[in-house]
Amino acid sequence: MRGSSLVFGIRTTAVVALATSAALFADYTHAFPSFCGAGSGCQAVRASGFGYFPVGGGAYLPTPVLGLLGFALLLGFALTPVLTRWVSIVAGIGGLAGLALLGTQAFVVRQFCVFCVVADTCAIVAGGLGVTYWFHRDAPDLDLGLRKSAWAALGTLAVVLPIAWPNYKPAPQIPPGVLALYAPGKINVVEFVDYECPVCRAYNPELHALLEQYGDRVHFVRLNFPLRMHEFARDAARAQVCVREQGKGEAMAALLLESEDLRPDADRRLATTLNIDLNAYDACIATGLADRKIEQDSALIGDALQGLPTTFVGAKTLIGLQTRPVLRDAFDRAAQGETEHGIPGPWYLLGSVALAGVVIWVGRAQRATL
């Protein structure tokens with residue numbers, strides 16, 4: 001029965017890896033991360049350039065898609081009698097891929113994503129089991145104590161439940177400092193931005209289009225959160241704050257988000273195009289007023305920052321680049337005064353485990369009746 005044990009191990013690692021790949025996919029495709037915390041290795045890997053791969057036409061797919069497809073294929077081979085002998089090849093290829101991805105995290109990114117490590121380790125373990133199975137000639141009992149339909153159901157749950165979780169989890173609380181900026185009876189939109197951030201620059205046209213479309217129904221506030229990794233982000237934020245003090249902050253923000261040069265002299269030249277008081281502008285920067293205002297902006301979000309841009313729309317928090325339909329949905333919900341509800345994480349996890357337990361129990365019970 002050694003062959004049965006090896007195939008059982010391959011199926012188990014495939015199901016576990018499907019769950020972790022699905023969790024990563026959920027984080028990569030939703031506005032707010034549900035599984036990886038701020039500053040985590042998961043976010044570092046996602047932002048490293050290895051988190052997405054090009055598919056042509058300027059489109060990109062999240063790398064976890066490869067994990068979902070690969071482990072689904074592995075589980076399918078391990079469940080199909082005519083293909084089971086060839087599961088060794090699929091598992092072996094996956095094991096090599098897992099080694100390569102772990103090496104990339106260790107030696108290129110130099111940070112580890114916990115979910116990536118689990119998925120890659122599962123691939124390596126499955127690869128080892130697959131190679132061993134190649135040299136093992138006995139035909140396994142393909143039910144392995146659990147009907148193949150139950151294994152397929154477990155694989156499906158492993159994919160569906162993590163991907164569905166962001167749609168049911170409670171929304172993060174809006175920071176009190178941000179809520180204090182909201183205006184009654186309006187669609188309240190508060191954005192934290194870094195003018196050197198490429199994602200912020202790509203996002204601005206989408207947000208601006210919606211702001212124009214909804215017009216006076218929206219109360220919009222743009223705040224500064226310059227990141228230390230961007231050399232001229234604080235200079236640009238200083239410029240925007242000092243122009244904002246003269247009532248033209250949004251016009252300055254639009255110029256900064258399109259400018260290729262964010263050095264102080266270039267920022268000042270942009271400011272002159274807005275017909276402001278340059279003496280007041282220079283004094284704002286020289287006296288440190290700009291830096292104090294930036295710190296006040298940043299303190300409003302504090303530890304709640306998960307990435308940039310961060311946009312609060314009513315009760316919803318949006319992180320990173322958003323499509324216009326996602327933004328429009330958030331605007332419409334805010335216009336209707338909707339609040340965010342959800343299922344607490346521990347309850348969702350308990351329900352998921354219980355559902356998997358039912359599948360296992362039914363699968364074993366069905367086999368016992370044969």
Side-chain angles (χ1 to χ4, degrees), residues 31-33 38-39 43 47 172 174-175 177-183 187-212 214 218-264 266-268 270-271 274 281 284-285 289-314 316-324 326-327 330-331 334:
F32 197 89
Q43 288 194 347
I174 306 297
V178 173
L179 281 176
L181 301 174
Y182 280 20
I187 300 172
N188 288 285
V189 181
V190 178
E191 182 199 22
F192 286 83
V193 67
D194 173 317
Y195 297 103
E196 196 173 345
C197 163
V199 180
C200 299
R201 288 168 164 256
Y203 172 59
N204 186 63
E206 301 300 321
L207 177 60
H208 181 71
L210 266 293
L211 292 175
E212 282 197 335
Y214 284 77
V218 177
H219 173 65
F220 177 61
V221 179
R222 193 192 303 270
L223 300 173
N224 296 284
F225 201 108
L227 299 175
R228 293 181 181 178
M229 69 178 71
H230 293 147
E231 184 178 2
F232 301 113
R234 180 166 281 268
D235 293 317
R238 290 187 184 111
Q240 194 272 342
V241 164
C242 291
V243 175
R244 186 176 75 189
E245 290 294 293
Q246 299 188 42
K248 297 184 178 180
E250 274 312 293
M252 186 63 179
L255 293 175
L256 291 168
L257 286 165
E258 294 180 356
S259 176
E260 295 299 322
D261 187 353
L262 295 177
R263 290 174 296 181
D267 297 337
R268 191 176 187 276
L270 288 177
L274 298 175
Y281 174 91
C284 173
I285 292 178
L289 174 62
D291 285 314
R292 291 193 296 274
K293 292 290 184 179
I294 292 170
E295 295 307 318
Q296 290 172 9
D297 283 3
S298 301
L300 292 177
I301 188 170
D303 294 337
L305 184 78
Q306 297 283 328
L308 289 176
T310 293
T311 311
F312 298 98
V313 183
K316 187 175 287 292
T317 303
L318 304 176
I319 308 295
L321 184 63
Q322 304 298 323
T323 63
R324 200 167 302 181
V326 170
L327 281 169
F331 276 50

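Bear in mind the structure is a predicted one, so any value in this text is a computation, not a measurement.
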- side chain to side chain donor-acceptor pair (under 3.5 Å) filter on Y214, not counting sequence neighbours, yields D332
- Message: Using the ring pair (Phe, Tyr, Trp, His ring centres under 6.0 Å) criterion, which residues pair with F225? Sequence neighbours excluded.
- Response: none
- Please name all residues satisfying side-chain contact (heavy atoms from CB on, under 4.5 Å) with H208, sequence neighbours left out, ordered by chain then number. E212
- Query: Mind checking what makes ring pair (Phe, Tyr, Trp, His ring centres under 6.0 Å) contact with F220, not counting sequence neighbours?
  - Reply: none
- Message: What I'd like to find out is whether the side chain of L308 reaches to under 4.5 Å of the side chain of V193, using heavy atoms alone.
- Response: no
- Query: Going by atom types alone, do Y195 and N224 pair a side-chain donor with an acceptor below 3.5 Å?
  - Reply: yes
- Note on the structure: Applying side-chain contact (heavy atoms from CB on, under 4.5 Å) to L181 and not counting sequence neighbours gives V190, V221, L223, L300
- Nearest heavy-atom neighbours spanning K316 and A330: CD-CB, 3.9 Å
- Note, V189 side chain near L210 side chain (heavy atom, < 4.5 Å): no
- Query: Can you list every pair that meets side-chain hydrogen bond (donor to acceptor under 3.5 Å, both in side chains) and has a residue in residues 242-257, with sequence neighbours left out?
  - Reply: R222-E250, R244-D297
- Message: So which atom in Y203 and which in T311 form the shortest heavy-atom distance, rounded to 0.1 Å?
- Response: OH-OG1, 2.9 Å
- Item | Contacts of T310 that satisfy side chain to side chain donor-acceptor pair (under 3.5 Å) - sequence neighbours left out | none
- Item | Full working for side chain to side chain contact (heavy atoms under 4.5 Å, CB included) between D235 and L262 | CA-CA 7 Å; D235 293 317; L262 295 177; over 6 Å; no
- Message: Looking at every non-hydrogen atom in both residues, tell me the closest pair between A237 and P226 and how far apart they are.
- Response: CB-CG, 4.1 Å
- Taking only residues two or more places apart in sequence, or in another chain, which ones meet D291 in a side-chain contact (heavy atoms from CB on, under 4.5 Å)? R234, R238, I294
- Query: With sequence neighbours excluded, what pairs up with R292 under the salt bridge (charged side-chain N to carboxylate O under 4.0 Å, His left out) test?
  - Reply: none
- Message: To check you understand the geometry: which heavy-atom pair defines the closest contact between Y182 and N188, and what is its length?
- Response: CA-OD1, 3.2 Å
- Item | Within residues 194-207 or reaching into it, pairs that qualify as salt bridge (charged side-chain N to carboxylate O under 4.0 Å, His left out) - sequence neighbours excluded | E206-R324
- Item | Closest non-hydrogen atom pair, I187 against A334 | CG2-CB, 3.9 Å
- Task: Under the salt bridge (charged side-chain N to carboxylate O under 4.0 Å, His left out) rule, collect the residues that match up with D267, sequence neighbours excluded.
- Result: none
- Note on the structure: So CZ of F331 and CG of L207: to nearest 0.5 Å the spacing works out to 5.5 Å
- Message: C284: which residues meet the side-chain contact (heavy atoms from CB on, under 4.5 Å) condition with it, sequence neighbours left out?
- Response: C242, L289, A290
- Query: Closest heavy-atom contact between H230 and C197?
  - Reply: CE1-CA, 3.6 Å
